[in-house]
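All values reported here derive from a predicted model rather than from experimental measurement. Naming: A, B, ... by sequence-line order, numbering from 1 per chain.
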Amino acid sequence: MTKRPSFIHFLGCIIPHRYPSIQKATEIVFEDLDMELLPMEGASCCPAPGVFGSFDRVTWASIAARNLTIAEQAKADVTTGCNGCFASLWDANHELKHDEELRQAVNEALAEVGREFKGTIEVTHYVDALYDTAGLQKIRKHVVRPMTGVRMALHPGCHWMRPKLVKQKDDSEKPHIFRELCEATSAEYVPYKDELMCCGAGGAVRTADLKVALDFTKQKFDSILAAGGADMIVTPCPFCELQLDAGQVEIQKHFGEEHTYTFDVLHVSELLALAFGHEPEEFGLATHLQYMQRKSEPNWERLGIKI
Amino acid sequence: MTSVEEKAPIDIDEVDRDFVQMIKRTGGTNIQNCYQCGTCSGSCPAGARTNYLVRGIIRKALLGLKEQCISAPELWYCTTCYTCTDRCPQDVSPTDVIKAIRNIAVAEGYMLEPHQKVAQKVLEAGHAVPLDKESWEQLRMKVGLEPKPPNASSHPEAVEEIKRIAKKTGFDKLVADKEE
């Protein structure tokens with residue numbers, strides 16, 4: 001019998017603190033697929049790559065490396081469901097393995113807290129764990145509630161696959177991995193012009209100028225509508241999810257009532273949990289900030305649930 | 001500001017000969033590969049709606065116009081989506097150049113207040129988006145999770161470690177509130 005795949009689970013900030021339904025859905029889906037998630041005790045902010053990476057590279061890499069040392073001590077590869085966390089941890093791991101000068105500076109900082117970056121583990125995204133470790137064949141076997149007929153727009157986001165020459169995961173101009181993973185649920189893929197465009201939240205822009213960030217998001221929504229509309233938007237990132245989900249309420253506020261969008265936005269873990277036959281209450285789909293703020297709930301009928 | 005205003009000729013005032021080297025040392029290693037084709041700006045979703053012009057900033061940097069680069073508010077409109085990086089025919093990695101220029105800007109005191117607050121949050125709570133209200137804990141319980149996750153929110157010693165790391169790198173002083 002082969003050993004059960006195991007990952008140390010890096011939660012980050014937004015999943016456990018704002019979209020806990022993603023954490024719960026991930027735990028359910030990984031359990032279904034017989035993949036173990038170990039708690040990552042004492043992990044901090046990744047820290048946010050566009051924010052901290054823009055402020056001070058050595059501090060960014062040191063805080064990221066501190067997180068990596070927790071995984072090194074547990075002798076486990078990391079998995080995370082956030083493109084931003086993935087970017088920080090993966091990039092720091094990669095840069096520290098290749099940049100001796102940076103590694104020295106980082107280890108000097110880590111020595112202050114009795115830690116040392118050794119470079120002994122790998123960092124994965126849920127998408128990697130699901131696509132590479134579990135595999136589509138196994139995932140398809142677990143789909144007992146096919147999302148047939150549900151129109152699905154995808155927002156792959158940026159940092160899982162870019163920069164493509166460094167990450168070497170997918171062709172960022174024509175990616176297929178995230179799409180194949182989502183299509184395993186039998187939902188109908190809806191291509192739209194701005195699918196590969198950034199949601200607008202990253203790089204400290206959401207913090208610096210919310211309206212500019214929302215203008216990106218609005219363009220994406222209009223692009224989906226121009227493609228005939230979609231019943232849901234699926235993303236592999238909680239920061240993108242925050243921007244696309246709570247962003248709808250913010251767009252209404254900043255751009256006017258005529259810009260009212262009502263997309264249900266799901267993390268890929270949540271999509272899989274539904275397709276694996278779990279009820280939305282099992283992981284709290286209705287707790288997304290959009291619904292809490294609007295006092296609304298997911299469009300069950302459109303999602304093909306609870307008819 | 002419109003893109004037409006942005007097209008004003010570059011004003012070559014004070015030139016800093018070390019600026020390019022500084023950028024290269026800070027992560028923008030390939031800046032000198034740039035031949036100004038403009039693929040970056042043509043691909044840039046931030047440039048499509050603001051006066052942020054990647055090519056222009058890189059040109060100014062190559063000319064050594066440090067002050068103009070680091071003081072430009074539009075420097076902070078890059079979402080670091082890396083589309084320019086994936087399309088650049090010269091492997092400049094404009095995103096990394098912009099991040100390097102931002103690092104230099106912050107070191108010289110150009111940090112936006114909201115960014116400073118986010119940085120302070122990480123030093124105070126261990127997280128940029130902290131579990132700072134009881135309602136967030138209730139949200140977690142509502143979905144069937146324990147009120148506090150096993151991250152720094154339930155490990156005060158982790159926050160202490162972050163503080164000590166930031167003290168060592170000088171980051172704590174960099175983001176501290178400036179005395180009036």
Side-chain angles (χ1 to χ4, degrees), chain A residues 11-14 16-18 20-21 23-24 39-45 47-59 62-63 66 108-110 112-113 115 158-159 162-165 172-173 196-198 200-205 207-209 212-213 215-216 219 282-284 287 292, chain B residues 26-27 45-46 49-50 76-83 85-87 91 93 95 98-100 102-103 106-107 111-112 114-115 117-119 122 126-132 136 139-140 142-145 149-153 155 157-159 161-162 164-171 174-175:
Chain A
L11 293 168
C13 301
I14 298 178
H17 298 162
R18 296 295 180 272
S21 53
Q23 184 186 338
K24 188 70 187 176
M40 195 162 173
E41 298 289 343
S44 70
C45 184
V51 183
F52 271 71
S54 294
F55 296 166
D56 185 61
R57 185 166 175 248
V58 173
T59 307
S62 301
I63 298 178
R66 182 193 162 274
E108 273 174 34
L110 290 181
E112 290 288 307
V113 294
R115 293 179 183 270
C158 303
H159 295 118
R162 294 196 195 113
K164 67 176 172 190
L165 290 178
S172 62
E173 301 287 352
L196 301 180
M197 195 182 114
C198 169
V205 173
T207 311
D209 193 328
V212 166
D215 196 60
F216 282 67
Q219 182 183 329
E282 284 179 57
F283 58 93
T287 62
M292 304 302 275
Chain B
T26 319
R49 65 199 75 243
T50 69
W76 297 93
Y77 283 136
C78 167
T79 62
T80 69
C81 75
Y82 284 93
T83 306
T85 296
D86 280 1
R87 293 181 184 171
D91 193 25
S93 190
T95 317
I98 294 301
K99 279 169 83 172
R102 284 177 170 185
N103 271 239
V106 168
M111 190 181 211
L112 301 179
H115 289 156
K117 295 272 177 271
V118 173
V122 173
H127 290 280
V129 182
L131 194 70
D132 52 0
W136 300 128
L139 199 66
R140 289 181 53 81
K142 209 169 169 177
V143 309
L145 291 166
N151 58 16
S153 298
H155 286 272
E157 75 282 5
V159 183
E161 286 190 26
I162 301 293
R164 274 155 66 193
I165 290 170
K167 195 173 177 198
K168 174 72 179 171
T169 63
F171 192 71
L174 201 62
V175 301

Distance, nearest 0.5 Å, that separates NE2 of His155(B) from CE of Met40(A) = 11.5 Å
ask   = Hey, does Glu112(A) have a side-chain heavy atom less than 4.5 Å from the side chain of Ile165(B)?
value = no
query = Do the charged groups of Asp86(B) and Arg162(A) touch, with an N to O distance under 4.0 Å?
reply = yes
inquiry  = Does Arg18(A) form a salt bridge (charged side-chain N to carboxylate O under 4.0 Å, His left out) with Asp132(B)? I'd like the steps, not just the answer.
reply    = CA-CA 10 Å; Arg18(A) 296 295 180 272; Asp132(B) 52 0; 3.5 Å; yes
key: Plane angle bin for Phe171(B) and Phe52(A) - parallel if under 30°, tilted between 30 and 60°, otherwise perpendicular   = tilted
key: Portion of Ala100(B) that has a non-hydrogen atom of chain A nearer than 4.5 angstrom   = neither
task = Between chain B and each of Pro49(A), Gly12(A), Ala204(A), count heavy-atom pairs under 4.5 Å; write down the option with the most.
result = Ala204(A)
Interface moiety of Val212(A) toward chain B, non-hydrogen atoms closer than 4.5 Å = both
task = Among the options Val129(B), Thr83(B), Thr169(B), Val106(B), pick out the one with the most heavy-atom pairs lying under 4.5 Å from chain A.
result = Val129(B)
query = Sub-3.5 Å donor-acceptor pair from the side chain of His159(A) to the main-chain atoms of Thr80(B), do we have one?
reply = yes
message = Any side-chain to backbone donor/acceptor pair from Arg66(A) onto Glu161(B)? Under 3.5 Å, distance only.
response = no
Minimum-distance pair of heavy atoms, taken over all atoms of Gly126(B) and Ser44(A) = O-CB, 3.4 Å
note = When the 4.5 angstrom heavy-atom criterion is applied to Glu282(A) and chain B, the contacting part is backbone
Closest contact, heavy atoms only, Ser54(A) versus Arg102(B) = OG-NH1, 2.9 Å
inquiry  = Taking the side chain as everything from C-beta on, heavy atoms only, tell me whether Glu173(A) gets closer than 4.5 Å to Arg87(B).
reply    = yes
ask   = Looking at Val205(A) and Trp76(B), what are the two nearest heavy atoms and their distance?
value = CG2-O, 3.5 Å
ask   = What part of Asp56(A) gets closer than 4.5 Å to chain B, counting heavy atoms only: side chain, backbone, both or neither?
value = both
Validation row: Met292(A), Leu139(B) side chains within 4.5 angstrom (heavy atoms) = yes
key: Pairing residues for Ser153(B) by the side chain to side chain donor-acceptor pair (under 3.5 Å) criterion, not counting sequence neighbours   = His17(A), Asn151(B)
task = Examine whether an atom of Leu112(B) lies under 4.5 Å from a heavy atom of chain A, and if so say whether it belongs to the side chain, the backbone or both; otherwise answer neither.
result = side chain
